[in-house]
2 protein chains.
Amino acid sequence: MPKPARTQPLDPASVCRSADPLAVRELLTRVGDKWTIFTVLSLDLLGGRARFSDLERAVPGISQRMLSATLKTLERDGMLTREVFPEVPPRVEYEMTPLGRSLLHPMQGLVEWAKENWNQVRTAQSRYDDR
Amino acid sequence: MPKPARTQPLDPASVCRSADPLAVRELLTRVGDKWTIFTVLSLDLLGGRARFSDLERAVPGISQRMLSATLKTLERDGMLTREVFPEVPPRVEYEMTPLGRSLLHPMQGLVEWAKENWNQVRTAQSRYDDR
DNA sequence: TCAGTTACTTACGTCGAGGTAAGTCATGCC
DNA sequence: GGCATGACTTACCTCGACGTAAGTAACTGA
């Protein structure tokens, strides 16, 4: 007989005290994504509006494939708008929506934390590894 | 001849204006992780100190394997301490360090944002999908 | 002797994230 | 004709994340 599952069913009161912890969790997974964070922050640094190629240059190390996918998801989620100019060669501009801009503040909080604390984390890691 | 890489080398001035954008990016990838977020928040809700089995029950859907790995990483990063009590059956308690607690604030900022905005995101998604 | 307890680890397998490279489309230019 | 350009998409493949199930250690109590 297989061992019964050890994990408990979802508890609405747990973790985030939200009416829908599943939705919040999914959203967190999304906005916590590396490429999403860097794309959003880069678009902000570029003045809130930029072309595909601008972002490609601004986001260090992203591939066209991932940039395309990330932008599509962000557009679907209402974080930015996509405007196509009927020219040759094509021009496409992405602009942050108010919803996207509202994400900036909490996101920058995390980035600030990372900037301020990565030294401490590094030393903790080497202390752990030496042991 | 293969096409040269389209992406640019890292620009220290870009995205996070940090001396080491790679480190910040790695740290963000870490703290943005779904299981990390939920483990840290759950440990906080449990009063900042809890046993393995408490966390297993508190974090909805996590497997023992992932909880173990997540806790190990958090301990290595200096976010929490692990205390083993030499008893049978074994007891292990995890407690948040000041560094771990300092992460709570920015993290809760993100969670708040997610709670406040997931409705808006959902409607944006269905508008996009209908189109 | 054997089941039950906690906090794991190990083995195994799947599945999806994500990189690389090439293709595409329409057009202007030499 | 053929190449360049910009914003992609597609095909292909690898590799790591992660779930499942079982094993382990060391002791207690029936």
Side-chain angles (χ1 to χ4, degrees), chain A residues 1-9 25-26 28-39 42-43 46 49-76 80-95, chain B residues 1-9 25-26 28-39 42-43 46 49-76 80-95:
Chain A
M1 193 176 75
K3 188 200 275 184
R6 303 285 303 271
T7 49
Q8 298 294 107
R25 162 172 151 177
E26 207 224 303
L28 277 183
T29 309
R30 181 105 30 129
V31 300
D33 172 65
K34 178 177 65 180
W35 292 133
T36 302
I37 293 179
F38 277 80
T39 303
S42 295
L43 184 52
L46 291 171
R49 186 176 180 92
R51 306 179 55 168
F52 187 87
S53 52
D54 295 330
L55 290 166
E56 203 178 343
R57 255 172 276 117
V59 180
I62 199 170
S63 66
Q64 290 191 328
R65 190 187 177 287
M66 276 316 292
L67 180 56
S68 174
T70 304
L71 288 171
K72 198 173 289 180
T73 303
L74 284 170
E75 187 199 356
R76 188 173 107 99
L80 47 81
T81 56
R82 195 179 104 110
E83 191 177 356
V84 184
F85 296 85
E87 305 172 358
V88 166
R91 180 160 60 103
V92 179
E93 291 188 2
Y94 296 89
E95 187 169 14
Chain B
M1 196 177 74
K3 190 200 274 185
R6 301 286 302 272
T7 48
Q8 297 294 106
R25 161 172 149 179
E26 207 224 303
L28 278 182
T29 308
R30 182 103 32 127
V31 300
D33 172 66
K34 178 176 63 181
W35 292 133
T36 302
I37 293 179
F38 277 78
T39 303
S42 296
L43 184 52
L46 292 172
R49 185 175 181 95
R51 306 180 55 169
F52 188 88
S53 52
D54 295 331
L55 289 166
E56 202 179 341
R57 256 171 275 115
V59 180
I62 200 169
S63 66
Q64 290 190 329
R65 191 187 178 286
M66 277 314 294
L67 180 56
S68 173
T70 304
L71 289 172
K72 199 173 290 181
T73 302
L74 284 170
E75 187 198 356
R76 188 174 107 98
L80 47 81
T81 56
R82 195 179 104 110
E83 191 176 358
V84 184
F85 295 86
E87 305 172 359
V88 166
R91 179 161 60 103
V92 178
E93 292 188 1
Y94 296 89
E95 186 169 16

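Model, not experiment: these values are computed from the prediction. Computed from heavy atoms alone, side chains included, the values below leave out hydrogens, waters and symmetry copies. Here is how names work: the chains are called A, B, and so on, in the same order as the sequence lines, proteins then strands, and each is numbered from 1.
Using a 4.0 Å cut-off between a side-chain N of Lys or Arg and a carboxylate O of Asp or Glu, B:Asp33 and B:Arg30 do not qualify as a salt bridge. A salt bridge is absent between B:Arg82 and B:Glu95: the closest approach of a Lys/Arg side-chain nitrogen to an acidic carboxylate oxygen does not fall below 4.0 angstrom. A salt bridge links A:Arg49 with A:Glu83; the closest basic N to acidic carboxylate O contact falls under 4.0 Å.
Nearest nucleotide to the side chain of A:Ser53, out of C:dG18, D:dA7, D:dC18: D:dA7. Listed candidates were D:dA7, C:dG18, D:dC27. Nearest to the side chain of A:Met66 is C:dG18. Proximity note for B:Lys72 (side chain, C-beta onward) versus D:dC18, C:dC8, C:dT9: the nearest is C:dT9. Among the nucleotides D:dC27, C:dG18, D:dA7, the one closest to the side chain of B:Val88 is D:dC27.
Summarising the geometry, the separation between CG on B:Leu67 and C1' on D:dA17 is reported as 16 Å, rounded to the nearest angstrom. Across the protein-nucleic acid pair, A:Gln64 atom CD and D:dT10 atom C1' stand 13 Å apart, rounded to whole Å. Look at CZ on B:Arg65: it is 10 Å from C1' on D:dT20, rounded to the nearest Å. Nucleotide D:dG6 holds its P atom 17 Å from the CG atom of A:Leu71, rounded to whole Å. Per the geometry, CZ belonging to B:Arg82 stands 10 Å off P belonging to C:dA7, to the nearest Å. For the pair A:Glu87 CD and C:dC25 C1', the interatomic distance rounds to 15 Å; values are reported in whole Å.
At least one side-chain nitrogen or oxygen of B:Ser68 sits closer than 4.0 Å to the OP1 or OP2 atom of C:dT9. Taking side-chain N and O atoms only, B:Lys34 has no distance below 4.0 Å to OP1 or OP2 of D:dA17. When the side-chain nitrogen and oxygen atoms of A:Ser63 are compared with OP1 and OP2 of C:dG19, one or more of them lie within a distance under 4.0 Å.
Each of B:Pro89 and A:Arg51 was assigned the nucleotide of DNA chain D with the nearest heavy atom; the assignment lying further toward the 5' end belongs to A:Arg51.
Taking every heavy atom of both residues into account, B:Ala58 and B:Ser42 meet most closely at O-OG, 3.8 Å.
Judged by distance alone with a 3.5 Å cut-off, no donor-acceptor contact links the side chain of A:Arg91 to the base of D:dG6.
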